[in-house]
Structures are given as C-alpha cells and as structure tokens.
Amino acid sequence: MAGGSSSSSSSQCLSYAGCNFLRQRLVLATLSGRPLKIRKIRAREEDPGLRDFEASFIRLIDKVTNGSRIEINQTGTTLYYQPGLLYGGSLEHDCSPSRSIGYYLESLLCLAPFMKHPLKIVLRGVTNDQVDPSVDNLKATALPLLKKFGIDGEGLEIKINRRGMPPKGGGEILFSCPVRKVLQPIQFTDPGKIKRIRGTAYSVRVSPQMANRMVESARGILNKFLPDIYIYTDHMKGVSSGKSPGFGMCLIAETINGTFLGAELASNPQGQGAAVLPEELGQNCAKLLLEEIYRGGCVDSTNQSLALLLMTLGQQDVSKVLLGPLSPYTIEFLRHLRSFFQVMFKIETKSPEEEHKGGEKVLMTCVGIGFSNLSKTIR
C-alpha cells in the first residue's frame, strides 16, 4: 500500500479497545494499509456500540476508498476494518447532525492528498457547532497548512454553500483537493509576530444585527493590541440559512511568516441551555483567540495532528515544526503514529526567551517515511 511500509508490517492486524480516537485509527489504518480491529466499543453502556455519527464516518471512509472490508457485529461493539485503496472522485455524503461537518472534514483533510483521483465531495449537515472545529476555522487554518507541504493549486478549496446550525443542520459545503505523489518536508520553526486579525461573524435565522453586536464587542478587546482587524458579517437568508437558528464567530490571527491561529465560538443550540448574548460571545471569542496566541507555535491546537501526519508521510528528510503545548488528542495521535508507521518524533521543550513570547513551546522533529502515493496514476 504505502511506499514506506514493508509487506510484513502491513499484514499485521492492530487491535484496540474502546470508542476513543476512532477517526485517528481508521485514517492511519487506511494510509498504512494495515487491518484494524476495535473491540469493546461502549460495551458497558445502556446503549452499547457505535453511535450514528461514527457509523456515518465509517460509511464516508467506505465511499472514498475502493475495496475496503468493514465488518461490525450485531451490537456494534466490535469493528473489523481491512483498508482498500483511496480512490476519491466526485462524491456526496450526508453527515450525522449530532456532530458537525468539521468532524468528517478533519479526517478528509488527512486522506485527500493521497487519492487516486482528485477528491471533490459535497458534505451536508451541521457546519458550525460547539464541539468540533467549524468549517470556517478549517478553511482559514488547515488549507494554508496543506499549502506549506506543497498541496496547493486551484483545486484546493472549501466552499460554504449553506450554513447549518444544530440541532437540525441543513448546511452544505464543497471540499475539493488535488492529489500529490510526494509531500515536501518542512522547516517551520519561527511563527513570527501577529500582523492582522480576520474573522467572520455569522447569523442564521436570527436578526442580522446579532453579527454586528458580536463584531463590536470582539473589536473592543482586540483593538487594544493591533489596528488591522477586519471581521466580516455573514448573514444568510432563505434556503442557505439551514434549518435551525443560531449565530457565532470565527477569528483568525495571521503572522508575518504565514502562521494562522484560529478561535471560534457558537451560540447554544435551539432549546438547549441558556440564551447567549452576542456581546458576551464576541468578547469570549476574542479572549479565546488571545489564549491561542499565548499558546502560540506555528500551527494552532486544532491542526497539530494534521501537521504531524503530513510530516510523517513526507520524503525521507528531516521536518521540524514548533508547536504550542500539545493537546491530549495530539499526544494520543503520536502514539498511534508509532504503532501504524513506526515513526518516533524528537520532542524538545522550548521556554520562551523573552517575557512577551507566550507559553512554553515544543519543537517536534521527525524523518519522513518516504510515503509515496502509489494509487496516483503516472501521466
């Protein structure tokens, strides 16, 4: 399957227990070509087995691959997955409304560059919620990261056709990505200073004034730090506003070296929790962005695992990236990279030299496995 893995290691079946990190395991199994067995998926709960959003994710993996074998037992507590070849092409998928499209898109960003045909997929469901990274955030932070690894061109885009808020969703996005034979190694160790802040305040099925109120309060905090702030207001009407009311905000800080750090917040879903004031939401979102800037690094906390995966799959050359404190998700991802690809990272902690450089940083170094996209036809 992979250019870097030997036939003996690719035939061993990896076994895990529990429902955590299902996406990581399926994505890495698909890329490494190693079969996977997951047992005891919520075995002790009153409602055992896979949830609907996980089943939807497995169906999505089945759509983008060709020849995958997926076996699930009757209660849904055991999953066996034998990966096929990543195929791609033009697809559509209806995501489960209990998680946002970001849950599915994060994994597609990992797989898309290694397809046989360039991926062009329409995803429908919830575009912004309080749990997963929103489509706006991934569009602004993950796409520039892919470009650093040489995955760019006109084919790379995320387009929001309709917004959908929880609980009913009704949003729609288009994600397209070109394929690459090999990835470039990166040396990305100096994030640089923040030069501008951009953002989007969106509102659907509520007063358009909500977006303006969020912008005012967010600017009230951020204007103290730098003048170049522009927050777009995006009020969608009619069909393109989805099925549920809501509003929210996504803020992106860009540095002089092309690092993008993102933060976001969304209002409580209709009928759940107390109503949120747009002024409070704007202020809290600005504070979250400042927290992300304090954590710092060349990749924000949402995209740490994507950066580490692309470094692992690069050419047989040294890649370095400076990250903020590692999130628990990223730490588990590093363990999985060791299991699936036998890649270990050199991890050095860096204390900030100056007072104003934010929190402790981590310098991650690895040598790529020289993964080459064998399913890409050579023209």
State plainly whether the residues [X] and [Y] are in salt-bridge range, i.e. N to O under 4.0 Å.
{"X": "E332", "Y": "R335", "value": "yes"}
{"X": "D152", "Y": "R180", "value": "yes"}
{"X": "R59", "Y": "E54", "value": "no"}
{"X": "E45", "Y": "R51", "value": "yes"}

If you measure only the distance, is there a donor-acceptor pair under 3.5 Å linking the side chains of [X] and [Y]?
{"X": "S90", "Y": "H117", "value": "no"}
{"X": "Q82", "Y": "Y80", "value": "yes"}
{"X": "S134", "Y": "E264", "value": "yes"}
{"X": "S351", "Y": "E360", "value": "yes"}
{"X": "R124", "Y": "H93", "value": "no"}

What pairs of residues pass the ring-ring contact (aromatic ring centres under 6.0 Å, His included) test when at least one of them lies in residues 164-210, not counting sequence neighbours?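 Those involving residues 164-210 do not exist here.
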To check you understand the geometry: which heavy-atom pair defines the closest contact between [X] and [Y], and what is its length?
{"X": "S301", "Y": "S327", "answer": "O-OG, 4.4 Å"}
{"X": "T30", "Y": "P83", "answer": "CA-CB, 3.8 Å"}
{"X": "S217", "Y": "P278", "answer": "OG-O, 4.0 Å"}
{"X": "G297", "Y": "T259", "answer": "O-CG2, 3.7 Å"}
{"X": "S244", "Y": "P166", "answer": "CB-O, 3.5 Å"}
{"X": "S98", "Y": "D52", "answer": "OG-OD1, 3.3 Å"}

Short side-chain to backbone donor-acceptor contact, [X] and [Y], under 3.5 Å:
{"X": "Q342", "Y": "S339", "answer": "yes"}
{"X": "D300", "Y": "G262", "answer": "yes"}
{"X": "N257", "Y": "D190", "answer": "yes"}
{"X": "R205", "Y": "G242", "answer": "yes"}
{"X": "S319", "Y": "I186", "answer": "yes"}
{"X": "Q315", "Y": "L183", "answer": "yes"}
{"X": "N73", "Y": "G76", "answer": "yes"}
{"X": "T75", "Y": "G49", "answer": "no"}
{"X": "S68", "Y": "T65", "answer": "no"}
{"X": "R23", "Y": "E106", "answer": "no"}

Run the salt bridge (Lys or Arg N to Asp or Glu O under 4.0 Å) test on K195 and E254 for me, step by step, so that the C-alpha distance in whole Å, both residues' side-chain angles and the decisive distance to 0.1 Å come before the verdict. CA-CA 6 Å; K195 67 173 177 180; E254 184 186 345; 3.7 Å; yes
Please, which pairs that meet salt bridge (Lys or Arg N to Asp or Glu O under 4.0 Å) have at least one residue in residues 225-238, sequence neighbours excluded?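 Non-adjacent pairs meeting salt bridge (Lys or Arg N to Asp or Glu O under 4.0 Å): R163-D234, R198-D228.
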A side-chain contact here means heavy atoms from C-beta on lying under 4.5 Å apart; do E348 and V362 qualify?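 When only atoms from C-beta onward are counted, V362 and E348 do not touch, as no gap falls below 4.5 Å.
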Kindly assign one of parallel, tilted or perpendicular to the pair F53 and Y103, based on the angle between their ring planes and the thresholds 30° and 60°.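 Perpendicular.
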Assign the ring pair Y329 / F333 to parallel, tilted or perpendicular, where the plane angle (0 to 90°) is split at 30° and 60°.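 Geometry flag for F333 against Y329: parallel rings.
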Between T330 and Q304, is the side chain to side chain donor-acceptor pair (under 3.5 Å) condition met? List the steps. CA-CA 6 Å; T330 309; Q304 284 177 349; 2.7 Å; yes
Under 6.0 Å between the ring centres of Y16 and F21?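 No, too far apart.
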When F247 is tested against each of M165, R213, M210 for side chain to side chain contact (heavy atoms under 4.5 Å, CB included), which residue passes?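 Looking at M165, R213, M210, the match for F247 under the side chain to side chain contact (heavy atoms under 4.5 Å, CB included) is M210.
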For residues L146 and V64: do they belong to one hydrophobic cluster (side chain heavy atoms under 4.5 Å, members Ile, Leu, Val, Met, Phe, Trp, Tyr)?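 Same cluster.
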For the side chain to side chain donor-acceptor pair (under 3.5 Å) test, which of T200, T141, N128 pairs with D136?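 The passing option is N128.
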Distance in Å, L289 CG paired with L265 CG, rounded so as to fall on 0.5 Å steps: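 L289 CG to L265 CG: 11.0 Å, rounded to 0.5 Å.
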Working to the nearest 0.5 Å, report the span between CZ of F341 and OG1 of T312.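 Between F341 CZ and T312 OG1, I get 7.5 Å after rounding to 0.5 Å.
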Is the positively charged end of R196 above the ring of Y230, judged by distance under 6.0 angstrom from the centroid and angle within 45° of the axis?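 No.
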Could you list the residues that satisfy ring pair (Phe, Tyr, Trp, His ring centres under 6.0 Å) with F225, not counting sequence neighbours?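 Partners of F225 under the ring pair (Phe, Tyr, Trp, His ring centres under 6.0 Å) test: none.
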Output, in order, the C-alpha distance, side-chain angles, deciding distance and verdict of side chain to side chain contact (heavy atoms under 4.5 Å, CB included) for N284 and L288. CA-CA 6 Å; N284 291 340; L288 279 175; 5.7 Å; no
